[in-house]
Participant: 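Let me give you the structure first, and then I'll get to my questions.
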Amino acid sequence: MSSIDKKFGLEKSKNPDPTTLSNYVNFTVKNTDLNLHVCFQEQVVEGVVVFELVARQDTEEAILDTSFLNIHEVSVVNSQNELVKVKYHVGERRDPLGSPLKIKYSATRDTSFKLRIAFSTTEKCTALQFMSKESTDGKIAPYMFSQCQANHARSLFPCFDTPAVKSTYNMTVKSPYPVLMSGRHVGSEEGVYRFYQPVPIPSYLVAIASGNLTSARIGVRSHIYCEPEKIDACQYEFENDMERFLEAIEAIVFRYQWDQYDVLVLPSSFPYGGMENPNITFATPTIISGDRENIDVIAHELAHSWSGNLVTNYSWEHFWLNEGWTVYLERRIQDYLHGEPTRQFSAIIGWSDLENSISSMGESAEKYSTLVQDLSDGSDPDDSFSTVPYEKGFNLLYLIEKVVGGKESFDPFIPYYFGKFKHQSLDTYEFIDTLYDFFKDKKEKLDSIDWDTWLYKPGMPPVNPKFDTTLADQCYDLANRWYHAVVNGRKDFGNHFFPNDVKEFTSSQSVVFLETMLSYDQRREFKWFYHPEALNALSNIYSDYSVTLNAEVLSRWLILHVTGHNESYYDKLGDWLGTVGRMKFVRRGYLALQKADKEKAVFYFKKFENFYHPICRQLVKKDLNLS
Ligand code: BES
Ligand code: ZN
């Protein structure tokens with residue numbers, strides 16, 4: 001028997017999701033009606049939600065998740081179709097899980113009933129960001145948008161806020177400005193917008209945005225939405241690749257199940273690169289760089305239409321099933337369109353991100369760098385968010401691909417897996433059972449994987465895959481030449497390095513070059529701040545990097561100089577941090593600035609605090625020890 005048999009083979013019932021206070025296991029949700037009214041003046045959303053429930057067992061109460069919500073009324077529609085008010089009680093708040101809404105209602109097993117709750121959000125809502133019209137691009141109308149993953153849906157509406165529960169949705173929104181939600185648009189009249197989501201989705205995929213929005217076509221089944229000022233730039237960025245991505249991934253998995261795939265480009269405070277809200281991916285404006293070089297974010301969010309949205313992690317402890325699979329599929333799209341070396345190159349960037357991420361975790365690496373997470377101590381899934389589920393997850397899938405005999409052998413498993421679990425949520429053990437089941441004849445091969453280490457041990461993966469470095473070598477070579485010039489005490493950098501060194505680099509190659517330069521600083525005997533003249537020369541020779549519109553490149557460029565205590569870059573980085581809200585850049589930026597000049601980091605954070613999304617603000621506060 002392999003270690004996996006002993007450990008997981010017999011595990012049939014799933015551990016309940018520890019990040020919900022609801023009693024979701026008692027119910028099946030047949031459908032959810034969500035009616036919202038966006039009140040820009042008060043910066044709140046008022047709403048009524050109606051759940052169609054079936055009791056899976058005899059139950060005395062229904063407990064839902066809420067967080068900083070006002071509950072106005074709870075009623076039940078009984079079998080005679082009468083609306084009856086019922087007693088409820090909002091329990092004490094338990095951070096970060098919120099307050100349970102306990103509703104007295106006895107239901108016997110297999111009976112169905114409707115639960116109706118009237119509520120409103122409050123200024124403490126963590127799912128929504130409201131923006132005044134002055135802080136938008138066009139300055140014509142105010143703007144609001146949501147971000148519910150991981151567990152912020154409960155601050156938008158009362159719900160079973162766990163990825164284990166899925167429901168179809170009817171969504172209706174009243175707003176003075178155009179509205180987008182994560183469903184199919186089925187009509188609008190006089191400021192009321194209606195959407196239908198026929199594919200069952202978990203609460204974290206409910207999304208809303210409203211503001212002065214316009215649209216343009218970017219593919220046969222795709223539109224781009226944004227404020228009118230940037231519609232042409234956004235259309236240009238996406239129109240070449242959108243349908244090609246869809247065709248590629250349909251060839252790898254199976255037909256796209258959601259009908260339309262649209263993208264909304266948000267204001268700059270959007271805290272993520274992208275968010276895979278069904279039918280309408282939300283994206284950061286930092287990908288609009290004019291060079292179509294950040295479009296991989298869209299390949300990633302599109303891939304979530306299978307991994308995450310159709311087939312969902314049962315709880316955030318198994319988040320790698322969402323993100324690891326998505327990174328795997330994203331790279332298969334790259335392979336399909338540009339060939340295997342491109343996939344390998346992207347995997348190299350991922351590996352170096354993973355190294356950085358784990359080494360910057362310090363002591364918390366013990367807890368947060370395992371693939372399967374333990375959140376049973378009430379920890380906040382936002383705190384456990386890192387590159388680990390993405391890249392360790394990708395590397396595990398890549399290893400499985402290798403072990404079963406390469407892409408051709410692995411490929412049939414992809415549609416099988418997504419077909420088997422579509423409309424469901426699964427955990428790591430069901431994934432592994434399914435894998436062993438599918439590859440019965442390759443059991444010994446699969447047994448060669450050290451599952452225990454992969455799933456439960458902190459740190460880098462136990463296998464270093466040695467990716468093909470064809471596309472990366474030029475970047476390594478250049479960085480290596482700099483390193484040797486510096487340690488050999490050269491002063492005449494201008495005679496050895498030229499702007500042309502990096503002119504032909506793609507932005508990803510520039511990222512690899514700059515990351516390699518940054519990685520030298522991890523060596524005990526080498527620190528960039530011992531070599532100010534080298535950094536000055538670098539700054540002069542590759543001055544184009546200072547004006548690049550590509551945030552992936554610019555962020556690394558600024559961080560490299562700040563890490564090397566090149567003081568003229570402190571304010572450059574500080575000011576830039578006031579223009580991007582994407583957490584990946586913001587957090588790393590403040591950490592680098594803090595290391596060089598703690599006071600400056602705090603100064604800039606205080607200056608821009610109100611620009612950031614509430615989730616981002618909270619995490620940077622923790623990073624800077626301000627909370
Ligand atoms: N689903 C994530 C974003 C997310 C994760 C939001 C966890 C809240 C909690 C999204 O698909 C994502 O991974 N975005 C990446 C994009 C990248 C990997 C291409 C990001 O935001 O950087
Ligand atoms: Zn993702």
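For ligands, and for the atoms within them, numbers begin at 1 and follow the listed sequence.
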Participant: Under 4.0 Å from a heavy atom of Q147: give me the atoms of ligand 1 that qualify, with their elements.
Facilitator: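 By the 4.0 Å cutoff, the relevant atoms are 6 (C), 8 (C).
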Participant: Between CZ of R343 and CZ of R331, what distance do you get to the nearest 0.5 Å?
Facilitator: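 Spacing of CZ (R343) from CZ (R331) equals 9.5 Å.
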Participant: Side chains of T162 and D17: any donor to acceptor distance under 3.5 Å?
Facilitator: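 Per modelled atom types, D17 and T162 side chains form a pair under 3.5 Å.
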Participant: Do any of the N/O/S atoms of E301, backbone or side chain, fall under 2.8 Å from the Zn ion (ligand 2)?
Facilitator: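 False for E301.
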Participant: Using distance alone, with no hydrogens and no angle criterion, decide if S555 and K584 have a side-chain donor and acceptor under 3.5 Å apart.
Facilitator: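 Side-chain D/A pair, S555 to K584: absent.
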Participant: With distance as the sole criterion, is a donor-acceptor pair present between the side chains of E243 and S222 under 3.5 Å?
Facilitator: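 No, S222 and E243 have no side-chain donor paired with an acceptor closer than 3.5 Å.
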Participant: Quick one: side-chain hydrogen bond (donor to acceptor under 3.5 Å, both in side chains) partners of D623, sequence neighbours excluded?
Facilitator: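 D623: side-chain hydrogen bond (donor to acceptor under 3.5 Å, both in side chains) contacts with R587.
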Participant: Just let me know how H300 lines up against ligand 1, side chain, backbone, both or neither, with a heavy-atom cut-off below 4.0 Å.
Facilitator: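 Side chain only; the backbone of H300 stays clear of ligand 1.
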Participant: Looking only at protein heavy atoms, which one is nearest to atom 22 (O) of ligand 1, and what is the separation?
Facilitator: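 Scanning the protein heavy atoms, the shortest distance from atom 22 (O) of ligand 1 goes to R582 NH2, 3.3 Å.
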Participant: Name of the E323 N, O or S atom nearest the Zn ion (ligand 2)?
Facilitator: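 The nearest such atom is OE1.
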Participant: Looking only at distances, please establish whether an N/O atom of ligand 1 is found under 3.5 Å from an N/O atom of D296.
Facilitator: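 N/O-N/O distance under 3.5 Å: no.
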Participant: Go through ligand 1 atom by atom and flag the ones less than 4.0 Å from a non-hydrogen atom of F319.
Facilitator: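 Ligand 1 atoms under the 4.0 Å threshold to F319: 5 (C), 7 (C).
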Participant: List every atom of ligand 1 that sits less than 4.0 Å from any heavy atom of E276, numbering the atoms from 1 in the order shown and giving each element.
Facilitator: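 That gives atoms 1 (N), 2 (C), 10 (C), 11 (O) of ligand 1.
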Participant: Looking only at protein heavy atoms, identify the closest one to atom 2 (C) of ligand 1 and say how far it is in Å.
Facilitator: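 The closest one turns out to be E323 OE2, 3.3 Å.
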Participant: Distance check, rounded to the nearest 0.5 Å: R332 atom CZ versus I249 atom CD1?
Facilitator: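 Going from CZ on R332 over to CD1 on I249, the span is 10.0 Å.
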Participant: Nearest to atom 13 (O) of ligand 1, what protein heavy atom do you find, and at what distance?
Facilitator: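 The closest one turns out to be Y390 OH, 2.6 Å.
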Participant: Between ligand 1 and G273, is the shortest N or O to N or O distance under 3.5 Å?
Facilitator: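 Right, the criterion is met.
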Participant: Before signing off on this row, confirm whether A150 and ligand 1 have an N or O atom pair separated by under 3.5 Å.
Facilitator: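 There is no such contact.
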Participant: Below 4.0 Å, non-hydrogen atoms only: which portion of M583 touches ligand 1? Side chain, backbone, both or neither.
Facilitator: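 For M583, there is no contact with ligand 1 at all, from either part.
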Participant: Can you check whether F513's main-chain N or O pairs, donor with acceptor, with R556's side chain at less than 3.5 Å?
Facilitator: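 Answer holds: no.
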Participant: Quick check for you: with the Zn ion (ligand 2) as the vertex, what angle do NE2 of H304 and NE2 of H300 span, to 10°?
Facilitator: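 For NE2 of H304 and NE2 of H300, the angle centred on the Zn ion (ligand 2) reads 100°.
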Participant: Looking at residues at least two apart in the chain, or sitting in another chain, which of them share a ring-ring contact (aromatic ring centres under 6.0 Å, His included) with Y417?
Facilitator: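 Y417 satisfies ring-ring contact (aromatic ring centres under 6.0 Å, His included) with W325, F413, F421, F431 only.
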Participant: Should the heavy atoms of other residues, nucleotides or ligands under 6.0 Å from NZ of K420 be counted, would the total exceed 12?
Facilitator: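 Above 12, so yes.
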Participant: Is R582 positioned over the aromatic face of Y272, cation under 6.0 angstrom from the ring centre and no more than 45 degrees off axis?
Facilitator: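 Geometry flag: not set, cation outside 6.0 Å or 45°.
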Participant: Nearest protein heavy-atom contact for atom 10 (C) of ligand 1: which residue, which atom, what distance?
Facilitator: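 Residue, atom and distance for the closest contact: G274 O, 3.1 Å.
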Participant: Establish, yes or no, whether the cationic atom of R93 lies under 6.0 Å from the six-membered ring centre of F68 and within 45° of the ring axis.
Facilitator: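 Yes, R93 and F68 form such a contact.
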Participant: List every atom of ligand 1 that sits less than 4.0 Å from any heavy atom of E301, numbering the atoms from 1 in the order shown and giving each element.
Facilitator: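 Taking each heavy atom of E301 in turn, ligand 1 has 10 (C), 11 (O), 12 (C), 14 (N), 16 (C) under 4.0 Å.
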Participant: Does Q149 reach ligand 1 with a nitrogen or oxygen that is under 3.5 Å from one of the ligand's nitrogen or oxygen atoms?
Facilitator: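 It does: an N or O of Q149 is found under 3.5 Å from an N or O of ligand 1.
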Participant: Any idea which part of H304 is under 4.0 Å from ligand 1, heavy-atom wise: side chain, backbone, both or neither?
Facilitator: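 The answer is the side chain.
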